[in-house]
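The structure appears right after this line, and notes come after that.
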Protein chains: 2
Amino acid sequence: MTHESAPPNELTFWSFVDFAVRKAQQELPAVDTDAMRMALTLSRASSMVIYDLESTVHRPRGLTWPGFRVIFALWLAGPMEAKTTAEISGTSRAALSALLNTLERDGLVVRERASHDRRALQLSLTEEGYGAILGGFRAHNRRESAWAEALEPDERTELVRLLNKLMAGSTDAKAKFRS
Amino acid sequence: MTHESAPPNELTFWSFVDFAVRKAQQELPAVDTDAMRMALTLSRASSMVIYDLESTVHRPRGLTWPGFRVIFALWLAGPMEAKTTAEISGTSRAALSALLNTLERDGLVVRERASHDRRALQLSLTEEGYGAILGGFRAHNRRESAWAEALEPDERTELVRLLNKLMAGSTDAKAKFRS
DNA sequence: CCCAAATGATCAAACGTTTGATGAAGATGA
DNA sequence: TCATCTTCATCAAACGTTTGATCATTTGGG
C-alpha cells in the first residue's frame, strides 16, 4: 500500500466506481483508468438493470433470468435447434442442457429429436410457454421503459450506438466467446 | 403469431438484438422498442465483456468472477465489515457467506469477529490474497484496455456519462436493489 | 466401404446465487 | 430489567454455470 486515501464513510455499490478508479491509480500508476471506469460502469449498470428485471418481473412469475432468456428466444425466433437457442440466448450448450430440464419439467418447452440429424435437438414452446412469455414480456418491457425514461431519446440512441461499436471491436480485442 | 418474418439463417448472439426488436414489434405493437433495444444491448455487451474477462483472466488463475469482485473490493477499500464488502462488490449478504467459504479455504481472505459488534464480521486480505489481486488486476486491466480501444476517448467518456445518467434514474424507476 | 475426426448432447463435480428460515447479538422502550 | 424488535450472519434447498469427460451420430478421406 502507498498513501492511504481512506475510503469515504458511505461507500455504496455505485459510488465505489469513482473511489476504485482513484485508488487503483494510486496503487498502480500504470493502470488504464478510462478503460477501468468504462468496464466497471458497464458491468454495474447492467447488473442493476438485470437484477431489477429478474427480481420484480420474472422470479415472481416462476422464471429465472436465464429461463426467461431461453423462452424469449424461442418466442421470437420460433422452433429451432438447441444449438441455435444456446447461441442467441447467450447460454453455453452445457448450461442449456441443464436449464432445459427445468423448463421442460415446468411444461414450458418441448425437446424433440431433429429429423435430419439424430444427434440434434429441436426445441419449441408449449402453449403454456407461449402464454408465460407473452404476459412476462409485457411486464418486462414496462420495466425497461421506466429505466429508459432516465435518458432523452437521442441519448438512448447514442448509448446503443456506443455499445454496438464496443462490441464490434471485440474481434480486434480477440475476445473469448461462449461455446 | 401474426406474419411470419422468418428468422435469418445466420442468427447470432449479437444480430439477435435487431431481429428480436423487429419481431417483438410485430407480435406486440404496443412494445417500447427503444427501451427494449437499449436493455437488450446493455445486457449483452456487459455479458460479453465479463465472460471474456472471467474466462481469459480470472478462471485460469483460479478465481471466479464473483470471487474477483470481492477480492478487488477488499484490495481497494481495505479491511472492512462483511456487510460493506457485500454492498460494494454487488453481492447479497447470503451469497457472500457462501463465497467466503471458498475464498477463506483458498487462503485469500480472513474472517474475523468485529470487536465493537459481536454479530458483525471483519474481512481482510491475506498476503496471498493481496498477491493474487495485484497480478490478476494487471491482466484484467490490460484486457479492459483492449476492449476500450474500440472507442475514441471522448466516446468512452460519453458512454460512461450515459450509463451514469441511466443509473441515476433508478430511483425514479423505483428499481429493486440487492439485499 | 470403413475408420478416424468432428459434431451434438449430456453428465459430473465444484461453485455462486436466490429465497426463506433460523439463531445470535444489539437496540428500544415500558 | 425484561420483552420485543431489529440487525448480522448463516443455513438449506433449488437452480444455473463452468470445465472437462463421455457417448452417439455424422462426415470425410483413403
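Below, chain A is the first sequence line, B the second, and so on; all start at residue 1. Computed from a predicted model, the values in this text were never measured in an experiment.
Distance from the side chain of B:T64 is smallest to C:dG16 among D:dT10, D:dC8, C:dG16. Distances from the side chain of A:R113 to the nucleotides C:dA9, D:dA24, D:dT6 place C:dA9 closest. Of all nucleotides listed (C:dA9, C:dT17, D:dT10), C:dA9 comes nearest to the side chain of A:L121. Nearest nucleotide to the B:K83 side chain, out of D:dA9, D:dT26, C:dA9: D:dA9. When distances run from any side-chain atom of B:R111 to the nucleotides D:dT10, D:dC8, D:dG16, the shortest one goes to D:dT10. For B:R105, the listed nucleotide lying nearest its side chain is C:dC15; candidates were C:dC15, C:dT19, C:dT17. Residue A:T102 has its side chain nearest to D:dC15 when only C:dG8, D:dC15, D:dT10 are considered. Picking from D:dT18, D:dT25, C:dT18 the nucleotide with the shortest atom distance to the side chain of A:A94 gives D:dT18. Comparing D:dT19, C:dT18, D:dT17 by their nearest atom to the side chain of A:A95 picks out D:dT17.
Remark: C1' of D:dA9 and CD of B:Q122 are 15 Å apart, rounded to the nearest angstrom. One can place CD of A:E81 at 12 Å from C1' of C:dA9, the figure rounded to the nearest angstrom. Nucleotide C:dA25 holds its P atom 15 Å from the NE2 atom of B:H116, rounded to whole Å. Distance, A:L100 CG to C:dC11 C1': 14 Å, rounded to whole Å. Regarding B:R178, its CZ atom lies at a distance of 16 Å from the P atom of C:dG20, rounded to whole Å. What separates CG of A:D117 from C1' of C:dT7 is a distance of 8 Å, to the nearest Å. As rounded to whole Å, 12 Å separates atom P of D:dA9 from atom CE of B:M80. The NE2 atom of A:H58 sits 14 Å away from the P atom of C:dT19 (whole-angstrom rounding).
Atom CD of A:Q122 sits about 7.0 Å away from atom CD of A:E112, to the nearest 0.5 Å.
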Could you walk me through whether A:S47 and A:I50 pass the side-chain contact (heavy atoms from CB on, under 4.5 Å) check? CA-CA 5 Å; A:S47 141; A:I50 291 176; 6.0 Å; no

B:R161 and B:R156: side-chain contact (heavy atoms from CB on, under 4.5 Å), yes or no, with the steps? CA-CA 9 Å; B:R161 185 186 76 80; B:R156 290 197 277 276; over 6 Å; no

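Residue A:R119 places no side-chain atom within donor-acceptor reach of the base of D:dT26, judged by atom type and a 3.5 Å distance cut-off alone.
The aromatic rings of B:H140 and B:W65 lie parallel to each other, their planes meeting at an angle below 30°, with 60° marking the opposite boundary.
Within 6.0 Å of NZ in A:K165 there are more than 12 heavy atoms belonging to other residues, nucleotides or ligands.
Across all strands, B:A98 comes closer than 4.0 Å to base atoms (heavy-atom distances).
Nearest-nucleotide assignment on DNA chain D puts the 5′-proximal partner with B:A82, out of A:L96 and B:A82. Mapped onto DNA chain C by nearest heavy atom, A:S55 and A:R93 fall at different nucleotides, with A:R93 at the one closer to the 5' end. Nearer the 5' end of DNA chain D, as judged by each residue's closest nucleotide, is the contact made by A:S92, out of A:R118 and A:S92.
Tracing side-chain contacts under 4.5 Å through hydrophobic residues (I, L, V, M, F, W, Y), one never reaches A:V49 starting from A:V57; they form parts of separate clusters.
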